[in-house]
Amino acid sequence: MNGIPEEFRIAGDTKDVPSDVDASADPDLPLRKRYVILLLVLAVLFVGVPVGLLAALFLLPPAKFSQEPHYYEVNDPESDFKHYTGFDWPASARVISAGEVRLEFLGDGEYYLVFDTDAEIISHWLKQPTPWGETDWQQGPVPAEIPRFFNFGVSGMSAPTLGTDAAGPIEESQIERLIDSPEIRYAARQRAKNSWNNGEILLLDPVQHRVWYSRWDL
């Protein structure tokens, strides 16, 4: 039958072999994504960034471009404080509030750390050069152009207070009194050219023996 001798036939072999057309009808998802990513790159190069960003909204998972803030606990405040300010972590330090918040898609966020220490530490630091070596210690109040970028986890996009002790969470009224007080000393710097959108500030309160640090990029 069909020109093939019977002795060479395989009995019961009725397995269908897919054709080339069937095999290519539904390409795998990774390959399809490669084509979409390639088109995205071409759109950015030849059409413009806005079109590329629009296309990215359809490519990235929702968590990557969500406007909801993501909150993170501060696990090592001692190392963070030393890294950001150059000052050693005091043995008497008691963390009042610490946290970090990020808008993942935009990369915006704030890191903040508030702790109590003793009067000797505050006095010693005020006799030292300021962190970052840009200016001398400044006397409060803090100029209005700076505080609108930080809030130590109280409002806006900052995280809920984490790691608080018995003294309770930070309140907005405390921050207002802090930045308006002539008693405080502070050092602040812009981490972006001629803009406070990226910056950091260290405030020392010699009355309450409290240290406030914030670092932001908005």
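The minimum heavy-atom distance linking W212 with V114 is given by the pair CE3-CG2, 3.7 Å. Counting all heavy atoms, side chain and backbone alike, P90 lies closest to I121 at CG-CG2, 3.9 Å. T85 and P131 get closest at one heavy-atom pair: O-CB, 3.5 Å. Residues T130 and A187 come closest through the heavy atom pair CB-CB, 4.0 Å.
Counting only heavy atoms from C-beta outward, the side chains of Q139 and R185 approach each other to under 4.5 Å. Contact annotation: the side chain of L202 approaches that of F87 to within less than 4.5 Å [non-hydrogen atoms, C-beta and beyond]. Looking at heavy atoms from C-beta onward, L113 lies out of side-chain contact with V211 at the 4.5 angstrom threshold. Taking 4.5 Å as the limit, some side-chain heavy atom of Y213 sits within range of a side-chain heavy atom of Y111. For the pair K82 and E78, the minimum side-chain heavy-atom distance is 4.5 Å or more. When side chains are defined from C-beta on, I201 counts as touching W216, because their heavy atoms get closer than 4.5 Å.
A distance of 11.0 Å separates OG of S214 from CD1 of I146, quoted to the nearest 0.5 Å. Between the CD atom in Q208 and the CD1 atom in I122 there is a gap of 11.0 Å [rounded to 0.5 Å]. Atom CD of residue E120 and atom NE2 of residue H209 lie 8.0 Å apart, to the nearest 0.5 angstrom. With values rounded to the nearest 0.5 angstrom, E183 atom CD is found 13.0 Å from L204 atom CG. Within the model, atoms CZ of R215 and CZ of R189 stand 6.5 Å from one another, a figure rounded to the nearest 0.5 Å. The CG atom of D136 lies 11.5 Å from the CG atom of L126; values are rounded to the nearest 0.5 Å.
Taking the six-membered ring for Trp and the full ring otherwise, the centers of F115 and W89 sit less than 6.0 Å from each other. Here W137 and Y186 keep their ring centres 6.0 angstrom or further from each other.
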**Prompt:** Between E176 and E172, does a side-chain contact (heavy atoms from CB on, under 4.5 Å) hold up when you go through it step by step?
**Reply:** CA-CA 6 Å; E176 292 174 354; E172 189 169 0; 3.9 Å; yes

**Item:** side-chain contact (heavy atoms from CB on, under 4.5 Å) evaluation trace for L203 with V142
**Value:** CA-CA 9 Å; L203 302 107; V142 180; 3.7 Å; yes

**Request:** Evaluate the side-chain contact (heavy atoms from CB on, under 4.5 Å) criterion for residues N198 and Q190: first the C-alpha distance (whole Å), next the side-chain angles of each, then the deciding distance (0.1 Å), finally the verdict.
**Result:** CA-CA 6 Å; N198 288 13; Q190 298 174 344; over 6 Å; no

**Verdict with reasoning, E100 to E110, per side-chain contact (heavy atoms from CB on, under 4.5 Å)** = CA-CA 6 Å; E100 183 171 7; E110 180 190 11; over 6 Å; no

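Checking D116, D118, D205 one by one against R210, the salt bridge (Lys or Arg N to Asp or Glu O under 4.0 Å) holds for a single residue, D116.
In this structure, the side chain of R191 does not engage the main chain of W196 through any donor-acceptor pair within 3.5 Å.
Between the side chains of Y84 and E200, no donor N or O sits under 3.5 Å from an acceptor N or O.
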